[in-house]
2 protein chains.
Amino acid sequence: MADRRSPVQVRSRAMVDRILQAATRVLAERGYAGLSTNRVAAVAGVSVGSLYRYFGDKDDLVRELRVRSTQDILGDLTAAMSDAVTLPTRDAIRQVLATLVAALQRHHALTSALVNEVPLGAQSNVLPEVEQQLGQFTRMFVAVHAPHLTPAEAEARIYLALGVTLSTCLRIALEPPPGIAEERLVDLTADLLHTGLVLP
Amino acid sequence: MADRRSPVQVRSRAMVDRILQAATRVLAERGYAGLSTNRVAAVAGVSVGSLYRYFGDKDDLVRELRVRSTQDILGDLTAAMSDAVTLPTRDAIRQVLATLVAALQRHHALTSALVNEVPLGAQSNVLPEVEQQLGQFTRMFVAVHAPHLTPAEAEARIYLALGVTLSTCLRIALEPPPGIAEERLVDLTADLLHTGLVLP
DNA sequence: CGGTAAAGTGAGCAAATGCTCATGTTCTAC
DNA sequence: GTAGAACATGAGCATTTGCTCACTTTACCG
């Protein structure tokens, strides 16, 4: 097994990137079933041995794909969330939704494969970090706008709001309906969340 | 390959059931990755050859699992939908949601595995038949209660309502939050759909 | 330089998988 | 009873998979 990981030279850093790119392509083109380490290495123009020098495991490779895209999305999301605090509630929600949709869309192929192809095993939700980050946002709004709710009622609303937000943004980003402007969908969703779950 | 399928004696009919049961168990316990035809046959206490007599293919087996659970869910759903036509809109929505949640819950292990483990390949949405059936219901309500909407606006609302309905029911059935009554969640969701997407 | 560590290679192994087929058993109908 | 159809078996083949390891090449540094 030897001492895996952590490339230090430029050359190897580039290789890690090429491997991840190749993995993304293979995942998008042939699904998780077609994602063999041999194939990824071949597509990357690299030998399997090299792949196993930087990724101890096939799962490790997939995990890294997930981490990278998640971090990228999270970056956008937190930025949008800090911008949003100064806006009126409905606009804040709208902006966060729009940002999330755009971020998901930017990684369309990868996100789609990660959501639809890769089995999640034990854990149940996709993009748990994104969900957690959105959770803080939602919690804040509910606390501010509906302080009279019992804790259980508040939790129920947060649970639903989170589910609706994530699933709807994913759907808009990955399976947009033909002939409907995505902006309009985001608007409607923001209204839905605002008047239906955040307000009392 | 020979002439697959269609058991005519009781013995073989029973075997088909045992195979499907075993497949469900294996899928729930070891995920899609662990679903090998050899293992299913072993768990069913049957030889691989017998499995291949009635299921031409591994995909065929999974497809059959999907078909059976889908049909069961669809049965409940259509019944609930005909009962619901006499109810006030909000109650109708509530009842359909509750029925869907209950039906999904009844097949908890299988549905969970089918949704989270099995890759869908080309098609993008899970439970397409259920979605289509719900679509008719939603379309009807939107047409009745918001006839003044432009077609595009109506389509946008239907698209969102369908997504919210399916994803929320799946989430309530498969990952219910601790300490919150599912009934309350269904109520809130019904309100959300009613006032947010069906009404003008 | 030249030596050492890092980077990179690829044949190939052990295990698993999907599936077949030659063989045997049980049922049904006459 | 017996022919023949339906049912059932499981050893095993061909292929693929994840991964290793003995080895070569490249970069770095005194």
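Here the structure is a predicted model, which is why all the values come from computation and not from measurement. Proteins come first, then strands; the chains are lettered A, B, ... in the order of their sequence lines, and each starts at number 1.
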For atom [atom1] of [X] and atom [atom2] of [N], their distance in whole Å:
{"X": "A:D60", "N": "D:dG18", "atom1": "CG", "atom2": "P", "answer": "14 Å"}
{"X": "B:D57", "N": "C:dT17", "atom1": "CG", "atom2": "C1'", "answer": "13 Å"}
{"X": "B:R53", "N": "C:dC19", "atom1": "CZ", "atom2": "P", "answer": "17 Å"}
{"X": "B:K58", "N": "D:dT15", "atom1": "NZ", "atom2": "C1'", "answer": "15 Å"}
{"X": "B:L51", "N": "C:dC21", "atom1": "CG", "atom2": "P", "answer": "17 Å"}
{"X": "A:R13", "N": "C:dA6", "atom1": "CZ", "atom2": "C1'", "answer": "13 Å"}
{"X": "B:R18", "N": "D:dC7", "atom1": "CZ", "atom2": "C1'", "answer": "14 Å"}
{"X": "A:Y52", "N": "D:dC23", "atom1": "OH", "atom2": "C1'", "answer": "20 Å"}

Measure the acute angle between the ring planes of B:F141 and B:F137, then classify it against the limits of 30° and 60° as parallel, tilted or perpendicular. perpendicular
What nucleotide, of [options], holds the atom closest to the side chain of [X]?
{"X": "B:N38", "options": "C:dG18, D:dA8, C:dT20", "answer": "C:dG18"}
{"X": "B:S47", "options": "C:dA6, D:dT9, D:dC7", "answer": "D:dT9"}
{"X": "A:S12", "options": "D:dG18, C:dG18, C:dG8", "answer": "C:dG8"}

Check ion pair [X]-[Y] (N to O, under 4.0 angstrom):
{"X": "A:D57", "Y": "A:R63", "answer": "no"}
{"X": "A:E182", "Y": "A:R171", "answer": "no"}
{"X": "B:D59", "Y": "B:R66", "answer": "no"}

For [X], which contact category applies under a 4.0 Å heavy-atom criterion: base, sugar-phosphate, or nothing?
{"X": "A:R39", "value": "sugar-phosphate"}
{"X": "B:L61", "value": "nothing"}
{"X": "B:S50", "value": "base"}
{"X": "B:V46", "value": "sugar-phosphate"}

Output one letter per nucleotide in nucleotides 24-30 of chain C: B when a protein non-hydrogen atom lies under 4.0 Å from the base, S when only the sugar-phosphate is that close, - when neither is. --SS---
